[in-house]
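Encoded as structure tokens, the structure appears first; notes follow it.
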Amino acid sequence: MDKKFIPSQVEEKIYQSWEKSGLMKASNRSKKKPFCIILPPPNANADLHLGHAMYVYEDIMIRYHKFIGDEVLWLPGADHAGFETQYVFEKHLAKQDKSRFDYDRETLYRKIWDFVNANRPRMENQLRRLGFFLDWTRNKFTLDQDIVGIVYKTFKALYEEGLIYRAERLVNYCTKDGTSFSDLEVKYIERKDPLYYLNYGPFVLATVRPETKFGDTAVAVHPKDKRYKKWIGKEILVDGLIGKFKMKVVADEAVDPNFGTGVVKVTPAHDFNDFEIAKRHGLPSKQVIGFDGKLNELTGLYQGLKINEARRQVVEALKKRGLLLKVDEDYSHRIGVCYRCGTTIEPLPLAQWWVKIRSLADNSIKLIDKDKIRFYPRRFKKIAIQWLKNFHDWNISRQVVWGIRIPAWLCKNCREWMITDGTEPKECPKCESKNLQQDRDTFDTWFSSAQWPFATLQTTHKGDFDFFYPTSVMETGYEILPWWVARMIMIGYLMTKDVPFRTVFLHGMVRDKQGQKMSKSKGNVIDPLDMVNKYGADALRASLVFGVKEGNDQSLAEEKILGMRNFANKVWNIGRFIWMNRNVILSEAKDPSRMREKFSNKLRDSSPAKRVQNDYKKILKQVHNEHSKEKKKYLKLMDAYKFSQALGLVYEFLWHRFADYYIEELKEELRNGNIEVLDNLQNVYFENLKMLHPFMPFVTEAVWKVFNKDDSSILNESL
RNA sequence: GAGCUCGUAGCUCAGCGGUAGAGCAUUCGAUUCACAUUCGAAAGGUCGAUGGUUCAAAUCCAUCCGGGCUCACCA
């Protein structure tokens with residue numbers, strides 16, 4: 001054994017031995033209890049970051065359950081990450097002076113496919129470097145043919161249940177990227193914009209968006225506002241830039257009488273609030289801004305102007321006509337911007353596919369409430385329910401190419417939509433027209449990932465679904481609880497009439513030393529693979545768990561990883577010490593049984609050695625006692641998902657009790673060739689190796705292979 | 001505005017009803033020993049504030065103060 005544990009020399013070899021031996025391959029015919037985790041699929045096209053390294057919690061659970069005798073399956077996969085990936089690919093195209101508009105849809109899709117396929121092994125090898133006990137024979141991709149088939153089926157089933165509808169709704173539209181975003185994807189920033197006070201018929205009202213006034217269809221006031229009470233329900237005449245408008249005055253609670261003048265212009269096609277007001281009062285909607293971010297033909301001479309330019313010219317014209325009363329230049333408000341390119345999000349009306357959420361969410365709430373799905377840490381139960389209560393209908397249409405195209409066809413003749421399981425319909429069942437066109441949109445990535453637990457198990461090996469579903473644990477970051485976890489429960493329950501997982505375990509975010517969010521622009525990013533190369537996977541893994549309360553954010557400093565590397569080395573050197581003593585004792589007495597005999601004979605007389613014998617017996621008894629207490633507590637902690645404390649326990653025992661105290665106390669005995677002491681120490685050490693293995697799989701396996709045959713594995717042992 | 005979360009040693013955090021803990025940093029000392037990626041020791045905290053429950057509170061409850069995160073909202 002080397003003086004030091006050198007991870008880079010053994011880790012990859014050890015992982016290969018696990019993969020080659022088929023140790024990680026699960027059987028769906030086992031008599032054992034199934035324990036299954038589906039890996040949250042990382043983006044196929046991107047390198048892993050520290051957040052992915054947090055999946056070490058899953059590895060800990062998987063390896064632990066293997067030790068306690070379950071049939072374990074940890075199923076790997078990759079996500080196509082629709083918009084994200086297309087965005088990266090378009091940047092890649094831009095470097096070659098090309099853009100997505102240079103290709104037709106099929107070519108573009110194929111090009112992205114090749115791009116992703118070339119990059120995907122990198123991410124997968126990174127998962128291997130972290131030591132993850134994944135069954136690679138069951139590796140899946142969200143765009144695999146069979147997965148796509150299931151996604152079609154789900155969409156069709158939702159449609160047939162009456163849970164899918166098509167509606168024109170305001171979407172968060174990025175005019176630069178040419179796609180809409182879900183509410184959850186929009187980033188809000190604080191920004192200063194001028195607030196314009198306009199003469200508006202008999203009123204004065206304040207607005208930051210005078211350029212949308214062409215789309216106004218009403219004026220709203222608060223129902224209790226005395227100033228305007230007499231106007232409610234009346235029609236007013238407004239002098240506009242392109243003629244006079246007639247407009248209704250409505251009363252709505254959403255209007256804040258203390259803001260501005262207490263009068264609001266209602267622009268249903270370009271403002272979320274106004275859209276809601278219009279719905280409540282049956283007001284018409286008038287779109288005056290197009291998807292190109294320019295004003296349209298309804299705006300007269302302003303047609304073709306971009307929003308900012310239009311605003312400038314409108315303000316100018318209003319000023320000339322004396323319709324602009326004053327401008328508040330110091331007005332600050334929150335606006336939505338595209339989280340990728342920073343462009344101001346335009347609320348625009350677009351026909352989209354929607355999932356009716358209410359009944360799905362209510363079912364999910366029941367499941368969580370009754371603990372059919374349990375949450376760890378416990379506080380997330382309440383948070384999950386709260387999210388589900390506030391869920392709005394889900395827009396699943398995305399205007400990107402890279403994704404699963406929606407299996408919906410429009411009859412150009414009778415305007416009827418056909419939803420299929422993916423096969424192209426020959427003709428319209430209603431009017432028999434053959435003039436059909438498929439929807440150009442693809443599904444929101446979350447729509448396919450919401451089906452991931454059952455979609456994977458239904459498409460790997462025959463029998464997998466029956467044996468492993470519902471899966472045991474879903475482990476992921478708490479920040480995607482609403483995006484992903486909640487939706488998996490909703491869709492999973494609808495499609496399988498069962499929960500997709502029995503337990504949800506959520507981990508926190510990794511921040512830098514000062515508690516700052518890691519980001520490339522701040523330059524404080526820690527690359528997990530760098531750390532693996534420098535300190536070993538064991539050290540990185542342990543540092544992510546050690547001393548961290550489950551579900552809390554943590555600050556990670558490189559020093560901590562170094563500290564854990566030292567621990568790995570300590571574990572190695574305890575093994576080295578026992579191994580060396582074993583060799584010395586065995587070589588001194590070529591026959592170990594004779595050695596034992598000789599030794600016990602020697603102690604039979606009442607020489608001072610007798611006293612020593614009593615002492616070491618006492619110490620051995622003590623070390624066993626302490627260890628059995630340790631193990632009992634360990635099992636309890638592991639079963640309660642308190643992994644950090646379990647690791648802390650082993651760390652403390654192995655280093656500061658076993659090595660610093662017991663070995664020191666018994667060193668003299670070992671020098672005397674006391675093989676009984678050696679055997680006992682070795683047993684306790686081995687037990688601790690197994691307990692430590694889920695956290696630090698490489699060093700523990702490396703030591704195991706030294707003491708046993710090289711082709712043996714600690715994973716064949718049990719706890 | 002709402003929800004969640006945190007406030008414990010210089011820094012980062014565990015502990016969460018019964019004599020204040022870890023890692024890193026600091027100071028002093030050891031070293032032919034499995035490990036200098038080591039060992040021994042020291043220093044360092046009225047556990048954010050106030051009130052309450054209790055024989056007993058860092059730990060439970062209430063209020064407040066101060067960070068952080070998420071969501072919602074002002075035309």
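In what follows, chains carry the letters A, B, and so on, assigned in the order in which the sequence lines appear, proteins first and then strands, with residues in each chain numbered from 1. What you see below is based on every heavy atom in this structure, not just the backbone, and it leaves out hydrogens, waters and symmetry mates.
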Among C6(B), C69(B), U38(B), which is the nearest nucleotide to the side chain of Y478(A)?
C69(B)
Taking G44(B) as the reference, what is the distance to A22(B) when you measure between their C1' atoms (whole Å, please)?
14 Å
Is any side-chain N or O of S555(A) closer than 4.0 Å to OP1 or OP2 of C13(B)?
yes
Check the pair F567(A), F546(A) against ring-ring contact (aromatic ring centres under 6.0 Å, His included), reporting the backbone distance first and the verdict last.
CA-CA 12 Å; F567(A) 177 51; F546(A) 190 83; 7.7 Å; no
Between H52(A) and H49(A), what is the ring plane arrangement, given parallel below 30°, perpendicular above 60°, and tilted in between?
tilted
In Watson-Crick or G-U wobble terms, both distances under 3.5 Å, what is the partner of G45(B)?
none
Measure from CD on E652(A) to P on A22(B) and round the result to the nearest Å.
8 Å
Show the atom names and distances, to 0.1 Å, of all donor-acceptor pairs under 3.5 Å that link a side chain in residues 576-585 of chain A to residues at least two apart or in another chain.
| unit_1 | atom_1 | unit_2 | atom_2 | d |
| --- | --- | --- | --- | --- |
| R576(A) | NE | M1(A) | O | 3.4 |
| R576(A) | NE | D2(A) | O | 3.4 |
| N581(A) | ND2 | F577(A) | O | 2.8 |
| R582(A) | NE | Q682(A) | OE1 | 2.9 |
| R582(A) | NH2 | D679(A) | OD1 | 2.9 |
| R582(A) | NH2 | Q682(A) | OE1 | 3.0 |
| N583(A) | ND2 | W579(A) | O | 3.4 |

Pair partner, C16(B) [Watson-Crick or wobble, under 3.5 Å]:
none
When you measure from every atom of RNA chain B, which of residues 657-666 of chain A have a heavy atom less than 4.0 Å away?
A659(A), D660(A), I663(A), E664(A)
Taking atom P in both U38(B) and A20(B), compute the distance separating them and give it to the nearest angstrom.
29 Å
Stacked cation flag R378(A) on Y376(A), 6.0 angstrom / 45 deg:
yes
Of the listed C13(B), C71(B), U38(B), the closest approach to the K570(A) side chain comes from U38(B)
Among U70(B), C35(B), C4(B), which nucleotide has an atom closest to any side-chain atom of N573(A)?
C35(B)
Could you tell me whether the side chains of E626(A) and Y662(A) share a donor-acceptor contact shorter than 3.5 Å?
yes
Select one nucleotide: of C4(B), C71(B), A34(B), the one nearest the side-chain heavy atoms of K382(A).
C4(B)
Using atom P of each nucleotide, how far apart are C24(B) and G40(B) to the nearest Å?
13 Å
Closest to the 5' end of RNA chain B, once F546(A) and V263(A) are matched to their nearest nucleotides, is F546(A)
Go ahead and name the base partner of A2(B); Watson-Crick or wobble counts if both distances stay under 3.5 Å, otherwise write none.
U70(B)
How long is the line joining CG of L562(A) and C1' of U38(B), in whole Å?
14 Å
Evaluate the criterion ring-ring contact (aromatic ring centres under 6.0 Å, His included) for residue pair F686(A) and F707(A); output intermediate values, then yes/no.
CA-CA 10 Å; F686(A) 277 9; F707(A) 279 82; 5.2 Å; yes
Would you say K4(A) reaches A34(B)'s phosphate, i.e. side-chain N/O to OP1/OP2 under 4.0 Å?
no
Check against side-chain hydrogen bond (donor to acceptor under 3.5 Å, both in side chains), T212(A) and K265(A)
CA-CA 10 Å; T212(A) 64; K265(A) 69 190 194 68; 2.8 Å; yes
CD1 of I561(A) versus C1' of U37(B): gap in Å, rounded?
15 Å
Using the P atom as the point on both nucleotides, what is the distance between U53(B) and A42(B), in whole Å?
40 Å
Which whole-number value in Å describes the distance from L649(A) CG to A14(B) C1'?
13 Å
In this structure, are over 12 heavy atoms from other groups packed under 6.0 Å from K642(A) atom NZ?
no
Side-chain N or O of N552(A) less than 4.0 angstrom from OP1 or OP2 on A14(B)?
yes
Taking atom types as they are modelled, would you say the side chain of K560(A) forms a donor-acceptor pair with the base of C24(B) within the 3.5 Å cutoff?
no
Distance check, C1' atoms only: A57(B) and C16(B), in whole angstrom units.
10 Å
Counting only side-chain heavy atoms from C-beta out, which of G3(B), G23(B), A75(B) sits nearest to V208(A)?
A75(B)
Checking side-chain polar atoms at under 3.5 Å, does Y616(A) have a donor or acceptor matched by the opposite partner on E668(A)?
no
Distance between the C1' atoms of U8(B) and G3(B), in whole angstroms?
26 Å
For the side chain of W655(A), starting at C-beta, report the closest nucleotide among U38(B), U37(B), G15(B).
U38(B)
Between U5(B), U37(B), A34(B), which nucleotide gets closest to the side-chain atoms of R379(A)?
U5(B)
Looking for any heavy atom pair under 4.0 Å, which part of the strands does R576(A) touch: base, sugar-phosphate only, or nothing?
sugar-phosphate
Paired nucleotide for A62(B) [Watson-Crick or G-U wobble; both distances under 3.5 Å]:
U50(B)
Both distances under 3.5 Å, Watson-Crick or G-U wobble: report the partner of C24(B), or none.
G10(B)
Could you please name the partner base of U38(B), counting Watson-Crick and G-U wobble pairs only when both distances are under 3.5 Å?
A30(B)
Phosphate OP1/OP2 of G23(B) contacted by H656(A) side-chain N/O (<4.0 Å):
yes
Would you indicate which nucleotide in A34(B), A75(B), U70(B) comes nearest to any side-chain atom of T207(A)?
A75(B)
Please tell me which of I383(A) and I574(A) maps to the more 5' nucleotide of RNA chain B, matching each residue to the nucleotide holding its nearest heavy atom.
I383(A)
On the nucleotide U12(B), are OP1 or OP2 found under 4.0 Å from the side-chain N or O atoms that Q554(A) carries?
no
Could you give the CZ-to-P distance, from F380(A) to C4(B), as a whole number of Å?
12 Å
If you check the N566(A) side chain, which of C71(B), C16(B), U38(B) turns out closest?
U38(B)
So, Y634(A) versus F653(A), ring centres under 6.0 angstrom or not?
no
Same-atom distance (P) from C61(B) to U5(B), integer angstrom:
11 Å
What integer number of Å spans the P atoms of G45(B) and A2(B)?
39 Å
Name the nucleic acid region contacted by F5(A), choosing base, sugar-phosphate or nothing; use a 4.0 angstrom heavy-atom cut-off, strictly under.
nothing
Just checking G563(A): base, sugar-phosphate only, or nothing, at a heavy-atom cut-off of under 4.0 Å?
nothing
In whole Å, I'd like the distance from the CD atom of E559(A) to the C1' atom of G23(B).
10 Å
Flag for E475(A)-H507(A): side-chain donor and acceptor within less than 3.5 Å
yes
Taking the minimum atom-to-atom distance to the side chain of K549(A), which one of A34(B), C24(B), C6(B) wins?
C6(B)
A72(B) C1' sits how many Å from Q386(A) CD, rounded?
11 Å
Once you round it to whole Å, what is the distance between C1' of A34(B) and CZ of F567(A)?
15 Å
